[in-house]
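Data first, discussion second: the structure below is written as structure tokens.
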Protein chains: 2
Amino acid sequence: MARTSKSAGKPTINDVARLSGVSKKTVSRVINRSPLLNQTTRQKVEQVIAELGYVPNPQARALALRRNFLIGLIHDNPNAQMVLNFQEGVLDAIRDTEFALVVRPVDRKSPGLLADISAFIMKQRPYGVLILPPVSENDAIAETCRELGCNYVRMGSARLDEPAHMVESNDRQVVGHAIEHLAQTGHRRIGLITGPVGFRSATEREAGFDEAVARLGLDAGAELKAQGNYTFESGLAAGARLLDATPRPTAIFASNDEMAAGVLHAARERGIRVPDQLSLVGFDDTAIAAHIWPPMTTVRWPIVAMARSAALKLVNPEAAAQQPSLFLSDLIPRASVAPPAA
Amino acid sequence: MARTSKSAGKPTINDVARLSGVSKKTVSRVINRSPLLNQTTRQKVEQVIAELGYVPNPQARALALRRNFLIGLIHDNPNAQMVLNFQEGVLDAIRDTEFALVVRPVDRKSPGLLADISAFIMKQRPYGVLILPPVSENDAIAETCRELGCNYVRMGSARLDEPAHMVESNDRQVVGHAIEHLAQTGHRRIGLITGPVGFRSATEREAGFDEAVARLGLDAGAELKAQGNYTFESGLAAGARLLDATPRPTAIFASNDEMAAGVLHAARERGIRVPDQLSLVGFDDTAIAAHIWPPMTTVRWPIVAMARSAALKLVNPEAAAQQPSLFLSDLIPRASVAPPAA
DNA sequence: TTGTAGGCGTTATCAT
DNA sequence: ATGATAACGCCTACAA
């Protein structure tokens, strides 16, 4: 049987129209669920669509509608699991829609960063973009999006933008909880390993630490802080500095898990047992946190939920207003925290 | 000044044509680098393009050319770092082209897997798709791609398809190297933790193990093998089984790093010191391998290079023939291997 | 070397 | 409730 007139290629709206004896526009109405449509007509067309296995051409739609259905994901590889979890959440939000997710890794240290992102937006003309930390903290990128008329949502450790353009976590507060947890376990001398200078996540976490230390009246002092940059090696070095001090802290909060793993190594090199002689708390709940020894207490962002919400803000303007912009992180207690040695 | 005639919206090919006093077609030729073009004309048009900031609309191009410039990445989250490294490699290959990378996570255990992938291909009509293990091992997916006329390249632990559709690693061989390395260090009783049944990577790694054990005349026997499924927990359980046997192996090869980390825990629970009393080798070189204690000897796929090559096979048919399909993995020696206790 | 006419598959406008 | 016609922005065929 003649499936389509021109036997080659995928069936088009014309094939459907001809075979169901209606006009293209009517088929288009069926596709787009126009309310003013005779039920009989609709069913007839839907049947032909099913028989033919017709699927609308997204490029043609994009051209006619003057907007496409691609969501861009811009990131500079914060950590692999975060990016993947985020992708999962976005996919969850756009499942069974015509949207697709286009990834765009960038290099935040490249001088061409803005040009790179501009080129991406101009070339692909995404429906909107989602921006992950740490590049999300760069206001110039948001400004570029606005100039190009590209909608965007940023993910970050604090409110960097209007709620419509943000999904944020409460880093400051949750780090406070982590410090409280350590204090309740008996620690009064707690060290901090900070994140890299210029990262909002780093300053938020440090602020949460400082506020909690002050609030709880814990030991304070510059010798209890060491600068890190979110890498394992920096955690190793910073941990060494903290652990070689006298008196040394009985607990350390590292601003991410990689650095916490570095601290763990530093402790082991010195024969300091965790958690007996040193308690340790990380941040991110990466795979490493659960799989090192001892399993590490850490903080987890609800990344999938944040991603889902971020995608909805972009895709579904009506639902967007209902979406929260603040998401609460959780402290995940594991075995790296114990009362300090007597 | 009048930037474009209809002041609204992005400039189109018509704007460029009008302002440079040539026809659309000529502009089109400039865009597409047609060789038969007067130099003067070309420069004039290029200047107008630059002034206007004109960027061709990819949707319109896609429609006219009857193919778009999206590359699909289909995966079932093997491990986060692998996916991200792969994305990086692909982006590297398509940098400064009009291609973009669309990610499509799938659930290999879902009964709707094939339907899901079909829907993706029919809806997005990608230029081609890249498929990561373990879903890449599913021949039905490749068959679906072929039926839908969608080009594809699979990544895997062995040759699953024609070279044009494959980038593969030499798992079997490199596991052999790993076992040789252990044997040269003095081990003769080596345990294996296998990957999940039905995974080609698992069978390849096991085959490499078996072949090496036979070739080197090492201890063999069912009690030296334990079934895992690539998770930390399965490594913990399988490691327990191996370590509770008498005599116990002096070294264990785990078919991935997560399981190796589990073995490390199992050893620690039993007071067995690594590497003094037990040597350990993993596979994948995930972040955890380098950051646990002791840093773990493991095997690394050249994922970025594989991804780059896979993308080129898809995108650049001329260069595709030059692309290798076999990529050699490396053994990364760290501190988890030492001579067996005397 | 360049231009004209027509088409890619869809949607919007304005009829009927 | 449905249809004819004209976009959308680009490319191919053919003509000049």
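Here the structure is a predicted model, which means the values were calculated and not measured. In what follows, every chain begins at residue 1, and chains take the letters A, B, ... in the order their sequences are listed.
Distance, B:I13 CD1 to C:dG3 P: 12 Å, rounded to whole Å. Distance A:R66 CZ to C:dT11 C1': 9 Å, rounded to the nearest Å. Atom CG in A:N68 sits about 15 Å away from atom C1' in C:dT11, given to the nearest Å. Residue A:L65 contributes atom CG, which lies 12 Å from atom P of D:dG9 at whole-angstrom precision. Distance, A:Q59 CD to C:dT11 P: 13 Å, rounded to whole Å.
Here the options are A:V129, A:I121, A:I74, the test is side-chain contact (heavy atoms from CB on, under 4.5 Å), and the partner is A:Y152; only A:V129 passes.
You'll find that the side chain of A:P56 is closest to C:dT10, out of C:dG3, C:dT10, C:dC14. Listed candidates were C:dG3, D:dA1, D:dG9. Nearest to the side chain of B:K25 is C:dG3. When distances run from any side-chain atom of A:K24 to the nucleotides D:dC11, C:dT10, C:dG3, the shortest one goes to C:dT10. Distance from the side chain of B:L37 is smallest to C:dT2 among D:dA4, C:dT2, C:dG3. In the set D:dT2, C:dT10, C:dC8, the nucleotide with an atom closest to the side chain of A:N14 is C:dT10. Among C:dT2, D:dG9, D:dT2, the nucleotide with an atom closest to any side-chain atom of A:N38 is D:dT2. Checking C:dG3, D:dC8, D:dC10 against the side-chain heavy atoms of B:Y54 singles out D:dC10 as nearest.
Using cut-offs of 30° and 60° on the angle between ring planes, the pair B:F99 and B:Y127 is perpendicular.
B:S28 has a side-chain polar atom (N or O) that falls below the 4.0 Å cut-off from OP1 or OP2 of D:dC11. Of the side-chain N and O atoms in A:T12, none sit less than 4.0 angstrom from OP1 or OP2 of C:dG9. The shortest distance between the side-chain N/O atoms of B:S23 and the OP1/OP2 oxygens of C:dT2 is not below 4.0 Å. Residue A:N32 has a polar side-chain atom (N or O) positioned under 4.0 Å from OP1 or OP2 of C:dT11. For B:T41 and C:dT2, the shortest distance from a side-chain N or O to OP1 or OP2 is below 4.0 Å.
Remark: the B:R29 side chain and the C:dG3 base include a donor-acceptor N/O pair separated by less than 3.5 Å.
Both A:P35 and B:P58 sit near DNA chain D, but only A:P35 has its closest nucleotide nearer the 5' end.
Between B:R159 and B:E168 there is a salt bridge, with a side-chain nitrogen of the basic residue lying less than 4.0 Å from a carboxylate oxygen of the acidic one. In this structure, B:D76 does not pair ionically with B:R104, as no charged nitrogen and carboxylate oxygen lie closer than 4.0 Å.
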